[in-house]
Amino acid sequence: MAYPRIRIEDARRYAGESVEIAGWLYNLRKSGKIVFPLMRDGSGTMQCVAVKANLDEALFEELKNLTQESSLILRGKIRAEQRAPGGFEMDVESAQVVQRVPESDPYPITPKEHGTDFLMDHRHLWLRSKRQHAVIRVRAEVIKAVRDYFDSHGFTLVDTPIFTPAACEGTTTLFEVNYFDEEKVYLTQSGQLYNEATALAFGKTYCFGPTFRAEKSKTRRHLTEFWMVEPEMAYATLEDVKQVAEELVVFVVGRVLENRRQELADLERDASKLETVKAPFPRMSYDDAVLELQKKGSEIQWGSDFGGTDETLITEGLDRPLMVDRYPTQVKAFYFQPDADRPELALGVDVIAPEGYGEIIGGGQRIHDLDLLLKRLEEHNLPPEAFNWYVDLRKYGSVPHGGFGMGIERFVAWMCGLEHIRETIAFPRMLYRTRP
RNA sequence: UCCUCAGUAGCUCAAUGGUAGAGCAUUCGGCUGUUAACCGAAGGGUUGUAGGUUCGAGUCCUACCUGAGGAGCCA
């Protein structure tokens with residue numbers, strides 16, 4: 001007789017019915033003539049019960065001697081059961097072992113503790129654990145929410161190239177790639193320059209994809225390959241950019257709270273720390289931020305960018321992100337529009353997450369004046385021929401425009417309350433780790 | 001690139017310069033309601049590598065390798 005296959009997350013809807021679940025053995029507890037296989041199917045885990053008296057002798061022995069992460073299909077009746085984690089369990093009637101993990105080479109990740117190095121070496125298996133499921137599901141929710149926000153606010157998705165002929169910002173180190181032995185190209189560090197072209201074509205656009213930084217950064221906030229969403233808007237000022245950034249963050253946090261409560265609970269994330277993330281975010285000028293930081297004991301001097309500890313210090317005690325704007329031009333990329341009243345300041349804004357998660361958004365208003373852009377390219381020693389197309393944007397219907405980039409992994413780390421962003425992507429690429 | 005810390009059983013960790021150990025995992029035995037199940041037994045080691053000090057080094061010294069955290073830079 002054919003039992004309908006269900007997903008464990010739907011089990012409660014099938015109480016009293018005979019079904020089958022296809023998955024893997026998460027753990028096995030046994031007590032003589034009764035065994036409790038804990039099944040995992042990707043949607044959740046469920047305790048099953050196999051009683052010797054009710055089963056064929058050979059089948060009972062097979063179940064009793066199963067090894068962790070063996071793949072199998074169990075059939076039986078779902079029943080509400082207070083003693084079972086999750087409140088439901090399956091009385092096993094029959095089973096089919098698909099592949100038995102041999103005890104000579106057992107599953108390496110046991111239910112006990114493991115160190116980071118070992119877990120990262122076994123990342124392909126670590127992804128099977130409950131905690132990793134929660135993080136990756138929150139990530140999926142964040143990405144979906146980001147797309148939903150832009151798609152419903154007049155933005156068109158226009159993805160930008162990953163191979164680029166030159167540095168986007170002229171500052172950071174790039175990964176070099178041989179392009180058919182003809183020329184060198186680089187892996188993109190930002191889609192922004194191309195976004196400016198698409199924004200002037202479509203009005204409001206965003207790109208979403210991987211970006212690469214070859215800096216030898218070795219901290220809990222850095223990956224060499226990370227995902228970034230970058231909106232760009234024509235006819236937009238710094239104030240417009242700030243408003244969209246604020247709305248986006250509030251929207252995405254709201255979606256995570258709405259749809260991923262269980263995952264946050266699995267991660268023991270204090271959701272009340274996210275419930276306070278509402279507009280308006282506090283706003284502060286760079287000038288005031290420096291004074292505030294100095295008051296709090298930072299060594300920072302006007303003219304330099306914030307360090308990681310400064311970012312933590314400046315958001316201390318805040319229950320929502322902080323927006324800091326108008327940075328000195330020298331700490332920002334060449335394309336920032338200067339402040340009309342104080343040309344030594346760039347119309348840029350950073351959104352700094354609370355709880356020490358640091359900068360999650362950076363953006364601002366771009367230069368729209370042709371002569372100023374040419375001057376800046378020269379000041380930064382950037383080869384003008386590589387930027388011909390970018391300069392064109394200032395010749396043909398140039399308008400004030402702006403946008404920002406949001407780092408997905410940092411955002412997810414903040415949502416999940418993680419120590420390190422390496423867990424927010426399935427296979428992180430870091431300074432000294434490119435495997436698996 | 002620089003600074004700090006760490007490498008001991010498959011994993012997580014102990015071991016005053018003096019016989020390398022425990023828990024988990026694995027194997028065998030016991031247990032009909034277990035909750036990282038429990039109880040009993042067994043197997044499992046070139047202490048990251050190479051030198052050095054010492055009667056004697058997991059332990060002290062030097063170099064290197066690997067990893068982690070941080071700085072700079074950034075999202």
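Every chain is numbered from 1 and lettered A, B, ... according to where its sequence line falls, protein lines coming before strand lines.
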Interatomic distance at C1', C13(B) relative to A25(B), whole Å: 15 Å
The residue, Leu223(A) or Leu119(A), whose nearest nucleotide of RNA chain B is more 5′ is Leu119(A)
When only distance counts, do a donor and an acceptor, one from the side chain of His222(A) and one from the base of C74(B), lie under 3.5 Å apart? yes
Go through C73(B), U34(B), U32(B) for me and flag the one nearest to the Arg221(A) side chain. C73(B)
Given atom NZ of Lys64(A) and atom P of G30(B), what is their separation to the nearest angstrom? 7 Å
Within this structure, what is the CG-to-P distance between Leu63(A) and G33(B), rounded to whole angstrom? 18 Å
Tell whether Gln82(A) reaches the base of G33(B) with its side chain through a donor-acceptor pair below 3.5 angstrom. no
Pairing of Arg221(A) and Glu409(A) as salt bridge, 4.0 angstrom limit: no
Reading RNA chain B from 5' onward, which residue's closest nucleotide shows up sooner: Glu103(A) or Pro85(A)? Glu103(A)
Could you tell me whether the side-chain ring of Phe36(A) sits stacked on the base of G33(B), using a centroid cut-off under 5.5 Å and a plane angle under 30°? no
Round to the nearest Å and state the distance from Phe118(A) atom CZ to A9(B) atom P. 12 Å
Could you work out the separation of G58(B) and G18(B) based on their C1' atoms and round it to a whole Å? 13 Å
Would you mind reading off the distance between Arg29(A) atom CZ and A36(B) atom P, rounded to a whole angstrom? 7 Å
Which nucleotide, if any, forms a Watson-Crick or G-U wobble pair with C73(B), using both distances under 3.5 Å? none
On a whole-Å scale, what distance lies between the C1' atoms belonging to A68(B) and U34(B)? 38 Å
Paired to G21(B) by Watson-Crick or G-U wobble criteria (both distances under 3.5 Å) is C13(B)
Measure the distance from CG on Asp117(A) to P on G69(B) and round it to the nearest whole Å. 10 Å
Could you check how far CD of Glu359(A) sits from C1' of A75(B), rounded to whole Å? 6 Å
Distance, C1' atom - from A36(B) to C24(B), rounded to whole angstrom: 9 Å
